[in-house]
2 protein chains.
Amino acid sequence: MTATRPDTGRQAGPPARPGRARRGEGDRTREAILAAADHLLVASGSEEAVSVRAVADAVGLTPPTIYRHFEDKDHLLFEVCAVHFDRLDREVVAPVVATVADPVEALRRIAHDYVRFGLDDPEHYRIMFMGHAQHTPERYDDHQILSTGCFGSVIDVVSRAVDEGRLRAGEGGPTVLAFVLWSALHGLVATRVAKPNMPAPPVDLLVEAILDAFLHGVATDPT
Amino acid sequence: MTATRPDTGRQAGPPARPGRARRGEGDRTREAILAAADHLLVASGSEEAVSVRAVADAVGLTPPTIYRHFEDKDHLLFEVCAVHFDRLDREVVAPVVATVADPVEALRRIAHDYVRFGLDDPEHYRIMFMGHAQHTPERYDDHQILSTGCFGSVIDVVSRAVDEGRLRAGEGGPTVLAFVLWSALHGLVATRVAKPNMPAPPVDLLVEAILDAFLHGVATDPT
DNA sequence: TGTACATCAGTGAACGCGCGTTCACTGATGTAC
DNA sequence: TGTACATCAGTGAACGCGCGTTCACTGATGTAC
């Protein structure tokens, strides 16, 4: 999909990091640390398992080295997830926006892909959207969710749909509309992430039901 | 609202526990521990602050005593929240079901009250609905959310609305409908709980928007 | 009414653990002269 | 071409901490005879 770039996002096995980095090559170690933390997070399925020591071990470094590359543990963890905020935009939202002309159809596609994205690796989703605010470094705090290209793009799509007369914007305009749709999808994903064993209807059925309700409502009388 | 009962749910200050419990009165200590843990959770606003030692301190006991009353920390924590699962049913769902005849109006009321409930003390909500499955003692796991009186009652209300011809049940029937509505509300609350500082439209506006979308849809064409 | 005994709430001290982080350091690498 | 020096990635050892949990115990309370 994207051009060849260093594979920082998703990799299959634990990343290898040969010998000591040369003078200007500290960034390579930094990438290795990020990749190792990412792998650890996915492999363990638990944020708690990602300790500074464990990450250092996985990269083949000693713990103090981590602090040469990251301010502290929270920054490291969130930087891991920043990669996935990018991915969310690059892999889920942007392609649909670029290729699907019909805004309503675009929303449907984004909805399905968003849920898939969340369920594919739940621990990232948990940190990105469900983590304690106090663990979120300030500079990432609100911005990542709201002013990411991501959510902004969705609002744009909704606006387009409203402009083209496809959707009715209520009191709050397109932003509220986007929030409503996102809340439903987020509620769905968050539940699955938190309680994967909870018996529930199939995800795809629920996404469709959410979209249908969102678009057409479930009431019989149009009052 | 409810008859006079020992106030285990919400109290203003840290609970007092005078001297050693008499022979048959171990349960009083147990209640005191639960109340202290609850208070600590609310006061600190963080599950992490609720350690066995901190709870013991708050009650005026030594840590080992906790283990006479609770199997381990997870059980204690979740039992704290079990109180609030009860509250959710008793204070939010049941009163509305008992007093509001119109099922659609009942859903509206429950929606507002549910969101209020969640935002009133976020840390409980977090543990109840957003906590790691592995920290949830097995016997509470799925049951609390789904087969609580709570969610069951909501499904009942939705069923009634469908039976009375007020709502259209889609492919998945009332259960899916209830899930859709709950997902949207949960998504809203969960976001506020996780990122309280995130700029977002006012809650009440969003709840209304969710209800309107859920009931009437936002699409202009009825296709 | 008095005494021996069983019960059981609560204690004191410690277990081992892993955590995030800091410090003064080593030693390889590149650069300036 | 050779040497002194600055840079900087990475280390070893330790800091202090708070955690959940266990153990053998004390001592007050109720009960049986």
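By convention in this document, chain letters (A, B, ...) are assigned in the order of the sequence lines, proteins followed by strands, and residues within each chain are numbered from 1.
- One atom, CD of A:E47, and another, C1' of C:dC19, lie 14 Å apart when rounded to the nearest Å.
- Residue-level contact check: A:S51 touches the backbone only, with heavy atoms under 4.0 Å from sugar-phosphate atoms and none from bases.
- Ring centroid separation for the pair A:F151 and A:F179 comes in under the 6.0 Å cut-off.
- C:dA13 is paired with D:dT22 under the Watson-Crick or G-U wobble criterion, all donor-acceptor distances under 3.5 Å.
- Here the P atom of nucleotide C:dC19 and the CG atom of A:L77 are 13 Å apart, to the nearest Å.
- Between B:H69 and C:dG10, a side-chain N or O to OP1/OP2 separation shorter than 4.0 Å is present.
- Whole-Å rounding puts the A:F70 CZ to C:dT21 P distance at 13 Å.
- Candidate nucleotides C:dT11, C:dT21, C:dA9 were compared by shortest atom distance to the side chain of B:R68, and C:dA9 ranks first.
- Comparing D:dC19, C:dG20, D:dG10 against the side chain of B:R53 picks out D:dC19 as the nearest.
- Using a distance-only test at 3.5 Å, with no hydrogens or angles considered, no donor-acceptor pair links the side chain of A:T65 to the main chain of A:L61.
- B:Y67 places its OH atom 16 Å from the C1' atom of C:dG12, with the value rounded to the nearest Å.
- Atom CG in B:L61 sits roughly 16 Å away from atom C1' in D:dT21 (whole-Å rounding).
- For B:I66 and C:dG10, the CD1 to P distance is 10 Å, given to the nearest whole Å.
- Closest approach to the A:P64 side chain among C:dA9, D:dT21, C:dC23 is made by C:dC23 (side chain taken as heavy atoms from C-beta onward).
- When the nucleotides D:dT21, D:dG10, C:dT21 are ranked by their closest atom to the side chain of A:D72, C:dT21 comes out on top.
- For C:dC8, the paired base is D:dG27 (Watson-Crick or G-U wobble, both distances below 3.5 Å).
- When each of D:dT22, C:dG12, D:dT11 is scored by its nearest atom to the side-chain atoms of A:T62, the top-ranked nucleotide is D:dT11.
- You'll find the ring centres of B:F85 and B:F129 inside the 6.0 Å limit.
- Aromatic ring centres of B:Y125 and B:H186: separated by under 6.0 Å.
- Applying the Watson-Crick and G-U wobble criteria (two distances, each under 3.5 Å), C:dT3 pairs with D:dA32.
- For the residue pair A:D38 and A:H124, a side-chain donor N or O sits within less than 3.5 Å of a side-chain acceptor on the partner.
- Rounded to whole angstrom, the span from the CD atom of B:E71 across to the P atom of D:dT21 amounts to 10 Å.
- At whole-Å resolution of the value, NE2 in A:H75 and C1' in C:dT21 are 15 Å apart.
- With distances taken from any side-chain atom of A:K73 to the nucleotides C:dG20, D:dC8, D:dT21, the minimum falls on C:dG20.
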